[in-house]
Number of protein chains: 2
Amino acid sequence: MGSRTTRQRRAVLRALATCTDFVAAQDLYARLVADAHSIGLTTVYRALRELEAEGGVDVIREDDGGRLYRLRPADGHRHYLICRCCGRSRPVDSEVVEDWAARIATDTGFAAVEHTVELTGLCTDCHLTGDEQGEPPCRLEPDSRDRRSSYAR
Amino acid sequence: MGSRTTRQRRAVLRALATCTDFVAAQDLYARLVADAHSIGLTTVYRALRELEAEGGVDVIREDDGGRLYRLRPADGHRHYLICRCCGRSRPVDSEVVEDWAARIATDTGFAAVEHTVELTGLCTDCHLTGDEQGEPPCRLEPDSRDRRSSYAR
DNA sequence: TTGTTTGCAAAAAGTTTGCATAATC
DNA sequence: GATTATGCAAACTTTTTGCAAACAA
């Protein structure tokens with residue numbers, strides 16, 4: 001009934017540790033394959049889902065419903081500010097929000113309250129380059145479609 | 001170049017106003033059809049996407065990437081606490097979060113910062129009924145799959 | 001040995017698009 | 001009359017599942 005340590009799971013974890021930012025399952029798979037690993041896409045999906053379930057990764061959602069994963073820091077989950085333009089993310093201080101969520105939980109009587117918080121914007125780099133409308137001014141799609149397309153199945 | 005008022009768009013808006021909670025595009029479509037309206041699913045999707053773009057609706061995302069829509073109150077956008085069990089939602093006071101997001105925006109220099117905030121939990125009703133593990137204890141799926149299934153295409 | 005994990009191919013689901021027709025302004 | 005909206009069917013994308021073979025313990 002226990003969980004087993006396999007070559008593939010180790011590889012996924014190591015690849016995830018290598019990433020400096022959020023990655024899509026497909027990207028991670030592509031990286032692994034490009035890195036001469038032998039692994040199936042299904043396995044990558046399963047590994048990420050398991051990691052998500054046990055809280056090993058932070059997850060953000062793309063507009064189209066896709067998921068992006070990032071290894072969670074040892075000191076607990078974090079929230080991020082993501083550039084809609086270049087896709088880069090940075091963790092933000094979210095104590096306030098954590099407290100707020102906890103307060104809501106007690107105030108409402110809801111149990112097992114969980115929260116999803118995402119911030120998006122245009123980083124200064126992208127902001128300087130493109131127009132300021134808030135919609136894709138730069139070289140990359142707002143969601144990471146570009147990063148992914150080069151590895152289309 | 002302007003947007004036109006059509007029978008279908010009016011119907012979507014009216015149906016949305018009728019809903020007391022978040023609905024999926026497919027559900028809204030099913031309701032409209034059941035209500036003897038003549039409308040296409042595509043049109044519903046388009047209408048909702050337009051409403052979303054112009055800020056007429058609040059949107060939450062399901063685990064599977066689906067979207068649920070709810071007419072936005074006249075006094076601006078809101079955030080919600082959603083029961084993972086029965087799917088019902090209630091608006092929560094989120095001034096704290098709004099302020100926090102604004103602060104992050106100025107602190108980081110990011111432009112056009114937007115935020116997504118969702119709270120989920122188990123409402124007291126559901127909590128009393130099922131076990132307390134935080135996973136689907138009740139009669140309904142944690143995401144609204146049940147509400148939708150009865151109208152499957 | 002025994003129960004897990006893998007991975008391929010196929011399925012699934014929700015949403016979007018092509019395009020001819022219909023309706024609005 | 002010009003432009004915009006509609007709606008059907010087909011396409012698309014990402015993720016999940018069935019199942020036999022491979023593998024860890």
Side-chain angles (χ1 to χ4, degrees), chain A residues 1-13 15 22-33 36-54 57 59-69 141-153, chain B residues 1-13 15 22-33 36-54 57 59-69 141-153:
Chain A
M1 200 191 169
S3 159
R4 290 177 183 178
T5 302
T6 63
R7 170 176 57 79
Q8 290 90 335
R9 289 184 182 176
R10 254 171 312 201
V12 166
L13 221 48
F22 283 92
V23 265
Q26 310 243 12
D27 278 357
L28 204 61
Y29 167 70
R31 290 187 190 212
L32 285 162
V33 169
H37 282 89
S38 167
I39 194 172
L41 178 58
T42 307
T43 303
V44 174
Y45 271 111
R46 276 194 280 236
L48 289 174
R49 203 157 36 112
E50 283 157 23
L51 277 171
E52 181 179 1
E54 62 194 46
V57 286
V59 183
I60 59 174
R61 318 284 304 271
E62 297 185 276
D63 277 346
D64 61 4
R67 294 164 125 76
L68 302 179
Y69 300 88
E141 296 285 336
D143 54 2
S144 61
R145 202 156 300 166
D146 263 312
R147 283 180 276 149
R148 177 179 310 162
S149 59
S150 44
Y151 301 118
R153 297 195 265 179
Chain B
M1 200 189 169
S3 156
R4 290 176 181 177
T5 301
T6 64
R7 171 174 56 78
Q8 291 89 335
R9 289 183 181 177
R10 253 170 311 198
V12 166
L13 221 49
F22 284 92
V23 264
Q26 310 242 13
D27 279 354
L28 203 62
Y29 168 69
R31 289 186 192 213
L32 285 162
V33 170
H37 282 90
S38 168
I39 194 172
L41 178 57
T42 307
T43 303
V44 175
Y45 272 111
R46 278 194 279 238
L48 289 174
R49 204 162 29 119
E50 281 157 25
L51 278 171
E52 180 180 1
E54 63 194 45
V57 286
V59 184
I60 59 174
R61 319 281 306 267
E62 296 186 277
D63 276 347
D64 61 5
R67 295 162 124 75
L68 302 179
Y69 300 88
E141 296 286 335
D143 54 4
S144 62
R145 201 156 299 168
D146 262 311
R147 282 180 275 151
R148 177 178 310 160
S149 58
S150 45
Y151 300 119
R153 297 195 267 177

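Bear in mind the structure is a predicted one, so any value in this text is a computation, not a measurement. Naming convention: chains lettered A, B, ... in sequence-line order (proteins, then strands); numbering from 1 in each chain.
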Interatomic distance, [X] [atom1] vs [N] [atom2] [rounded to whole Å]:
| X | N | atom1 | atom2 | result |
| --- | --- | --- | --- | --- |
| R10(A) | dC23(D) | CZ | P | 13 Å |
| Q26(B) | dA12(C) | CD | C1' | 13 Å |
| D63(A) | dT13(D) | CG | C1' | 14 Å |
| R61(B) | dT14(D) | CZ | P | 14 Å |
| E62(A) | dG14(C) | CD | C1' | 16 Å |
| R67(B) | dT16(C) | CZ | C1' | 12 Å |
| Y45(A) | dA11(C) | OH | P | 18 Å |
| L48(A) | dT15(D) | CG | P | 9 Å |

| query | Once you round to the nearest 0.5 Å, how far does CG of L28(B) lie from CG of L68(B)? | reply |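 Reported value, rounded in 0.5 Å steps: 11.0 Å.
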
| field | Atom pair CD (Q8(B)) and NE2 (H37(B)), whose distance is rounded to the nearest 0.5 Å | value |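 Going from CD on Q8(B) over to NE2 on H37(B), the span is 9.5 Å.
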
| message | As a quick check of understanding, evaluate side chain to side chain contact (heavy atoms under 4.5 Å, CB included) for R67(A) and E62(A), giving each step before the final call. | response | CA-CA 6 Å; R67(A) 294 164 125 76; E62(A) 297 185 276; over 6 Å; no

| query | Any donor-acceptor pair under 3.5 Å linking the side chain of R61(B) with the backbone of D63(A)? | reply |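 Yes, the answer is positive, given that a donor and an acceptor are paired below the 3.5 Å cut-off.
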
| message | Strictly distance-based, threshold 3.5 Å: is any side-chain N or O of R9(B) a donor or acceptor partner for the main-chain N or O of R4(B)? | response |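 Such a contact is found between R9(B) side chain and R4(B) backbone.
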
Below 3.5 Å between N/O atoms, which protein atoms pair up with nucleotides 5-9 of chain D? Just atom names and distances, please.
| unit_1 | atom_1 | unit_2 | atom_2 | d |
| --- | --- | --- | --- | --- |
| dA5(D) | OP1 | R9(B) | NH1 | 3.1 |
| dA5(D) | OP1 | R9(B) | NH2 | 3.1 |
| dT6(D) | OP1 | T6(B) | OG1 | 2.7 |
| dT6(D) | O3' | Q8(B) | NE2 | 3.0 |
| dG7(D) | OP1 | Q8(B) | NE2 | 3.1 |
| dG7(D) | OP2 | G40(B) | N | 2.9 |
| dG7(D) | OP2 | T43(B) | OG1 | 2.6 |
| dG7(D) | N7 | R46(B) | NH2 | 2.3 |
| dG7(D) | O6 | R46(B) | NH1 | 3.4 |
| dG7(D) | O6 | R46(B) | NH2 | 3.2 |
| dC8(D) | N4 | T42(B) | OG1 | 3.4 |

| said: Any non-hydrogen side-chain atom of L13(B) less than 4.5 Å from a side-chain atom of L51(B)? | reply: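 Touching, per the 4.5 Å side-chain cut-off.
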
